[in-house]
Structure formats: C-alpha cells, structure tokens
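Every chain is numbered from 1 and lettered A, B, ... according to where its sequence line falls, protein lines coming before strand lines. Quick note: numbers below take in every heavy atom, side chains included, and nothing from hydrogens, waters or symmetry partners.
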Number of protein chains: 2
Amino acid sequence: MTKHSPRSRDAYHVGNLAPQLLKAARHMLEQVGPTKLSLRAVSERVGVSATAAYHHYANRAELIGHLAAQGFRELAQELPTHGSENGLQALRNACLAYFSFARANPALYQLMFGPEFADGQMPLELHGARDQAFSELRRIVAEVLELDMEQPEVRRAALAGWSYTHGLASLVIHRVLIFPAGTTDQRFVDSTLQGLLQLFQVEKGT
Amino acid sequence: MTKHSPRSRDAYHVGNLAPQLLKAARHMLEQVGPTKLSLRAVSERVGVSATAAYHHYANRAELIGHLAAQGFRELAQELPTHGSENGLQALRNACLAYFSFARANPALYQLMFGPEFADGQMPLELHGARDQAFSELRRIVAEVLELDMEQPEVRRAALAGWSYTHGLASLVIHRVLIFPAGTTDQRFVDSTLQGLLQLFQVEKGT
DNA sequence: ACCTGAACACCGTTCAAGT
DNA sequence: ACCTGAACACCGTTCAAGT
C-alpha cells in the first residue's frame with residue numbers, strides 16, 4: 001500500500017536515463033524515419049515525462065547528434081577490409097561494406113548525412129566520429145595507392161571514392177534507384193563498379 | 001467605404017493561389033531548409049489562411065513534391081553539354097553542371113534527394129521529372145560510350161556516373177566535405193575527378 | 001468554386017515546482 | 001540531482017461555415 005508500488009512504468013525515475021533514451025531513439029529511428037523522430041515519443045516510450053530528456057541532452061539536435069555519431073563509429077568499424085589480396089579487392093570490399101551498412105541501417109544513414117547537420121552546428125562527438133570514419137577510408141586508399149596517408153593525392157582519391165560509394169548508397173536508400181529484386185548487395189556493387197570502370201576506360205583512350 | 005477596399009493583403013481571395021504558393025515555397029525553401037518548410041508559413045507569406053492551400057494541394061507532401069519536380073526539370077535542362085569536343089569533356093561538363101546546380105540550390109537539392117520521398121509514395125509528376133533527368137544523363141553516357149541508350153552497359157555506366165556526381169554534390173552540400181575557400185566549382189570538380197582516375201589507374205594494373 | 005476560423009492531435013522547449 | 005506538469009509557440013490536417 002505504499003507509494004513505492006510500481007505503476008506500470010515503474011515509478012518516479014529510472015536510473016540511467018541517457019543511454020535508455022538513446023537506445024529507444026535508435027530503435028524508433030528505423031521505424032519512423034529520420035525527420036519524424038520526436039523527443040516526446042522517445043520519452044514516452046521509455047516511460048518518462050516529455051521534458052525529462054532535457055536533463056541529459058540539451059535538445060533534440062544533441063540527441064540525434066549522438067545517434068549519428070554512433071552510426072559513424074559503427075561504420076568505421078565495418079570498413080576495414082580484413083583479408084584482401086590486392087588493391088582492387090580492398091577497394092571493392094570497403095565499398096561493399098559501406099553499402100551494406102547503409103542498406104542495413106537506412107534511417108540512421110539518412111540521419112548521418114541528412115540536412116539536420118548541414119548548418120555548421122553539430123556536436124563535437126559527431127564531428128570526431130565522422131572524421132575517424134573518413135580516416136579509415138583514407139588508410140585503405142593509401143594502401144591501394146602505396147602512398148602515405150597524408151599525401152594530397154590520397155586525400156583526393158579517398159574523397160572521390162567516398163563520393164562514389166556514398167552516392168550509390170544514398171540513391172538506393174532514398175529509392176531513387178530501385179534495388180533489383182533478385183540480387184545481392186555484392187552483385188549490385190560489383191555490377192555498378194563495372195559501369196564506372198567502363199566509363200573511365202573510354203576516358204583513358206582520349 | 002465598401003467592403004472591397006483592400007486591407008493590406010488585398011482582401012478575400014487572390015486568384016491563382018496554386019502557383020503563388022509554389023513560388024513562395026520555393027523562395028522560403030532556401031531560407032529555412034527542406035525539413036523546416038511549413039505549409040502554414042508559406043500560406044501566411046502569400047497572405048492567405050493556413051488552410052487555403054488544401055484547396056490546391058492535397059497536403060504538404062504534394063506541395064513539396066511539385067517543388068522537387070521543378071528542381072528535376074531545371075536540372076535536366078542544365079545538363080546538356082552543348083559544345084564538348086570529346087567524351088571526356090562531355091562527361092566532365094555534365095558533372096560540373098550537375099554539381100553547380102546543387103551548389104546553387106542546396107535546399108532544393110536536399111529536398112529532391114531527401115528522405116521525404118524515400119517511402120514509395122510520391123507524386124507522379126515528380127517521378128516523371130526525375131526519370132527525365134536520368135534519361136538526359138543516359139543520353140550523354142550513351143554518346144560517350146558510342147552505344148545505344150537502351151543498352152544495359154549504358155544504364156550501368158550512367159548509374160555509376162550519377163552515383164559519383166550525386167555523392168560529391170551531396171557531401172559538399174551537407175558540409176561533410178568543406179568546399180575549399182579559394183576555389184571554383186570547376187577546379188574542385190576537376191581535382192576530384194583526378195582523384196577518381198588515379199584510383200582506377202591502379203585497378204587497371206591488377 | 002474558393003476561402004476562413006475553430007478545433008484536434010501532434011511537435012520542441014522553458015520554467016516553476018515537486019521528490 | 002533528477003523528474004514532472006503546465007504553458008507557449010509552433011506544426012499538419014479536418015470540418016463546418018461563410019462569400
């Protein structure tokens with residue numbers, strides 16, 4: 001009969017709210033999409049008042065900033081191309097890993113590269129995580145080119161490679177390109193890479 | 001003294017509201033960004049009640065759908081690479097035109113490729129305009145490859161080229177890559193294209 | 001046919017107050 | 001220190017009503 005008795009959402013406060021909010025947000029993100037993820041809904045899901053989140057995150061932007069940072073960390077982890085025989089293989093494998101990550105976490109990927117952070121303002125954590133992911137890419141490209149990571153050629157080539165892969169992932173995720181029904185990520189990435197090669201074989205001839 | 005006298009917003013109704021709303025929306029889009037463009041604000045700007053728009057567009061999605069379609073039409077128009085000496089030049093010029101369009105209309109570009117239309121649902125007009133823009137790209141690639149537009153090789157190559165250019169534009173627009181201060185669109189596109197070439201010169205050696 | 005105002009169900013965010 | 005409820009300024013959208 002005491003006031004302690006749980007009332008279906010387990011009373012007053014929960015303990016470590018911050019990570020719980022993050023987890024709930026991550027889960028809801030893939031359900032409702034990056035633009036429609038609301039603080040109020042996330043709070044309610046955790047079983048806490050709508051304003052409780054503001055004691056752990058400055059605002060919505062900071063919450064989704066953490067989400068995006070998490071995404072970049074996971075992406076950076078999956079990039080390393082374990083056992084690749086040669087440069088071509090390493091590049092292809094990185095491209096494939098990148099593409100598969102985006103396909104597996106479409107809403108998170110949209111958030112990571114979406115307009116929410118297009119203005120300069122974004123959490124430091126996010127900026128760091130993003131740079132680290134790009135570093136991973138540069139490392140791979142440096143190996144392929146057999147140059148030092150800091151060389152400007154490496155930077156340019158990494159940037160170009162990132163553009164290509166990001167573009168492919170982005171177009172598929174936003175359903176601008178319809179991903180062919182009967183195919184695997186691997187086959188699709190390979191086939192499109194063939195297309196790119198063909199475009200440049202012509203260029204070399206001129 | 002009649003009721004006809006204009007009251008600063010010119011009385012009851014305006015005439016051709018639909019295009020006026022579109023125009024106002026287009027203008028506000030670049031100011032507030034794709035996610036924050038609101039029907040209410042657009043309506044107020046035109047000087048009309050918040051609900052008036054619903055007599056001309058089914059909902060917000062349809063309004064911004066028209067906006068995006070307009071974007072694809074303009075993009076398709078700017079792609080044709082008038083006088084290009086050879087294939088490489090044509091490709092580069094298309095890439096540059098595409099990139100410049102995105103840089104000149106960042107919010108519109110974000111809208112065109114943003115999550116708003118990632119679910120299957122989008123206006124027919126938008127779908128058509130998008131396909132037409134892609135057709136333009138295929139035509140250019142077909143010329144470069146000296147093949148028929150309908151060939152699957154052309155489709156794949158166009159898709160790859162689109163991915164690359166879209167990726168580059170998208171990363172710059174979302175400020176993932178910081179566009180170098182002292183540079184022009186032309187120099188930036190050329191430099192990055194060099195990077196891509198370098199990446200593939202290695203591949204050819206394997 | 002075209003537009004308005006009130007209303008509903010949502011948002012993000014602030015602030016005084018409670019434990 | 002951590003959480004809540006009421007409140008404010010916004011949304012999209014519906015609906016009955018006005019011209």
Worksheet item: Any side-chain heavy-atom pair from Leu17(B) and His55(B) closer than 4.5 angstrom?
Response: no
Discussion item. If you go through the side-chain atoms of His55(B), does one of them form a donor-acceptor pair with the base of dC2(C) closer than 3.5 Å?
Written reply: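 Result: no qualifying N/O pair found.
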Item to complete: Test for a donor-acceptor pair under 3.5 Å between the base of dG5(D) and the side chain of Thr51(A), counting only N and O atoms.
Response: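 Looking at the base of dG5(D), it does pair with a donor or acceptor on the side chain of Thr51(A) (distance under 3.5 Å).
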Item to complete: Test the Arg175(B)-Phe117(A) pair against the cation-pi criterion, namely NZ or CZ under 6.0 angstrom from the six-membered ring centroid and within 45° of the ring axis.
Response: no
Discussion item. Under 6.0 Å from the ring centre and within 45 degrees of the ring axis: does the NZ or CZ of Arg60(B) meet both conditions for the six-membered ring of Tyr57(B)?
Written reply: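 No; the conditions do not both hold, so Arg60(B) does not lie above the ring face of Tyr57(B).
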Discussion item. Run Leu75(A) and Asn105(A) through side-chain contact (heavy atoms from CB on, under 4.5 Å) and show every step you take.
Written reply: CA-CA 10 Å; Leu75(A) 176 58; Asn105(A) 309 277; over 6 Å; no
Worksheet item: Mind checking who dC10(C) pairs with, Watson-Crick or G-U wobble, both distances under 3.5 Å?
Response: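 Its partner: none found.
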Worksheet item: Across all strands, who's sitting opposite dC15(C) as a Watson-Crick or G-U wobble pair, both distances under 3.5 Å?
Response: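 With both distances under 3.5 Å, dC15(C) matches dG5(D).
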Please determine if a side-chain N or O atom of [X] lies less than 4.0 Å away from the OP1 or OP2 oxygen of [N].
X        : N       : value
His56(B) : dC3(C)  : yes
Ser49(B) : dG5(C)  : no
Arg60(A) : dG12(C) : yes

Item to complete: Whole angstrom is fine here: how far is it from CG in Asn16(A) over to C1' in dC3(D)?
Response: 15 Å
